[in-house]
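Have a look at the structure below before the remarks.
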Amino acid sequence: VLERAEGETGVKGASAAAADEATAGWISDLLNTGEFTGKPLEMAVLPRPAGLQAKTLVAIGGGKDADLRRIAGAAVRALKPKKATRIALV
């Protein structure tokens, strides 16, 4: 799960950059096209991301004042139906 604050530009952090590179720029494309802006709890889901061991990659918006508990809760709710057994927040 990649958290993104509203209004940030570009891919931030080493883990997010590695995920972006492994997915052939999926995160950069979301940001550059405006498809994902980082608004509170906004989500973009990439099932079976090539280049990653993860079964699902989720980008979640944190808004201007990111609340990690709300972001984690949203991730759990989004991934529970997919029977996820482990979640990593980066």
Side-chain angles (χ1 to χ4, degrees):
V1 177
L2 300 169
E3 181 274 327
R4 179 68 178 191
E6 187 174 4
E8 285 185 344
T9 58
V11 176
K12 303 284 186 195
S15 296
D20 188 49
E21 184 177 329
T23 58
W26 178 70
I27 300 164
S28 294
D29 287 345
L30 285 174
L31 297 171
N32 292 336
T33 62
E35 188 176 341
F36 183 78
T37 61
K39 290 181 180 172
L41 306 184
E42 173 186 23
M43 284 190 214
V45 178
L46 179 63
R48 307 257 183 242
L52 295 176
Q53 291 181 351
K55 292 183 181 176
T56 305
L57 180 61
V58 181
I60 300 180
K64 294 192 185 297
D65 300 315
D67 178 351
L68 193 55
R69 276 187 322 170
R70 290 184 65 209
I71 292 166
V76 168
R77 285 188 298 281
L79 295 171
K80 188 174 181 180
K82 299 177 184 331
K83 302 196 186 311
T85 57
R86 291 177 289 171
I87 297 173
L89 298 174
V90 292

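Model, not experiment: these values are computed from the prediction.
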Which atom pair, heavy atoms only, marks the closest approach of [X] to [Y]?
X     : Y     : value
Val11 : Ala17 : CG1-N, 3.6 Å
Asp20 : Trp26 : OD1-N, 3.5 Å
Lys12 : Ala16 : O-CB, 3.1 Å
Ala19 : Thr23 : O-OG1, 2.8 Å
Ala54 : Pro49 : O-CD, 3.4 Å
Ala22 : Gly51 : CB-O, 3.5 Å

- Crowded around Lys55 NZ? As in, over 12 foreign heavy atoms under 6.0 Å?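 Atom NZ in Lys55 is not packed in, count stays at 12 or less.
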
Got a second to check how far [X]'s [atom1] is from [Y]'s [atom2], nearest 0.5 Å?
X     : Y     : atom1 : atom2 : value
Thr85 : Leu79 : OG1   : CG    : 10.5 Å
Arg70 : Ile60 : CZ    : CD1   : 11.0 Å
Met43 : Ile71 : CE    : CD1   : 10.0 Å
Leu46 : Ile27 : CG    : CD1   : 9.0 Å
Asn32 : Leu30 : CG    : CG    : 9.5 Å

- Is Glu42 reaching over with its side chain to a backbone N or O of Gly38, donor-acceptor style, under 3.5 angstrom?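 At least one qualifying donor-acceptor pair exists.
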
- Message: Quick check on side-chain contact (heavy atoms from CB on, under 4.5 Å): which of Val58, Val76, Thr56 does Ile87 satisfy it with?
- Response: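 Testing each of Val58, Val76, Thr56 against Ile87, the sole residue satisfying side-chain contact (heavy atoms from CB on, under 4.5 Å) is Val76.
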
